[in-house]
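Okay, so here's the structure we're looking at.
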Amino acid sequence: MSIPVNLPEDLVAQIDEMTTNRASFIEEAVRRLLRDSRESVRDEVDRINELADELNREAEDVLEYRS
C-alpha cells in the first residue's frame with residue numbers, strides 16, 4: 001500500500017544522507033518504533049504485575065496479622 005506522507009525538509013535531508021531508498025528507510029523506522037513500543041508496554045505490564053503480586057502478598061500478611 002502506498003500512502004503520501006509530508007515530512008519537514010530537514011528530516012528528508014537527514015534520511016537522504018543515510019540512504020538512497022527513502023521508502024525502505026521509513027518502513028524500517030516505523031516497524032522498529034512499533035516493535036519497541038510493544039516491548040515497552042509488555043515490560044510495563046510485567047512490572048505492574050510484579051508489584052501487584054508483591055502488594056497482594058503484603059495485604060494477605062496484614063489480614064493474617066489482624067485475625
Side-chain angles (χ1 to χ4, degrees):
M1 170 183 260
S2 179
I3 61 168
V5 176
N6 295 317
L7 299 173
E9 286 183 30
D10 64 314
L11 185 57
V12 173
Q14 290 178 49
I15 292 169
D16 288 346
E17 289 175 9
M18 299 192 70
T19 185
T20 58
N21 189 334
R22 290 178 186 162
S24 292
F25 182 89
I26 293 169
E27 178 184 350
E28 176 58 30
V30 171
R31 287 184 187 280
R32 187 175 298 172
L33 180 63
L34 291 171
R35 183 189 65 237
D36 292 350
S37 178
R38 282 191 303 267
E39 289 173 1
S40 176
V41 168
R42 276 194 301 266
D43 291 345
E44 288 178 26
V45 168
D46 289 345
R47 182 68 180 135
I48 288 168
N49 286 334
E50 287 173 18
L51 292 172
D53 290 342
E54 183 178 329
L55 289 171
N56 286 335
R57 284 190 298 275
E58 288 179 14
E60 288 173 0
D61 288 345
V62 168
L63 291 173
E64 269 184 41
Y65 179 74
R66 287 182 54 189
S67 300

About how many Å separate CG of Asn56 and CG of Asp61, when rounded to the nearest 0.5 Å?
11.0 Å

Can you find a heavy atom in the side chain of Arg42 that is under 4.5 Å from one in the side chain of Arg38?
yes

Val41, Ile48: one ILVMFWY side-chain cluster at the under-4.5 Å cut-off?
no

To the nearest 0.5 Å, what is the distance between CG (Leu34) and CZ (Arg32)?
12.0 Å

To the nearest 0.5 Å, what is the distance between CD1 (Ile26) and CD1 (Ile3)?
9.5 Å

Quick check: is Phe25 connected to Val5 through a chain of hydrophobic side chains (ILVMFWY, heavy atoms under 4.5 Å apart)?
yes

Should we count CZ of Arg35 as having more than 12 external heavy atoms under 6.0 Å?
yes

Would you call Arg57 and Glu54 a salt bridge, using N to O less than 4.0 angstrom?
no

Drop me the distance from Thr19's OG1 to Glu28's CD, to the nearest 0.5 angstrom.
11.0 Å

Rounded to the nearest 0.5 Å, what separates atom CG in Asn21 from atom CD1 in Ile15?
11.0 Å

Once you round to the nearest 0.5 Å, how far does CG of Asp43 lie from CG of Asp36?
10.5 Å

Same cluster or not: Leu11 versus Leu33, using hydrophobic residues (I, L, V, M, F, W, Y) connected whenever any side-chain heavy atoms lie under 4.5 Å apart?
no

Just checking Glu50: does its CD atom have more than 12 heavy atoms from other residues, nucleotides or ligands closer to it than 6.0 angstrom?
yes

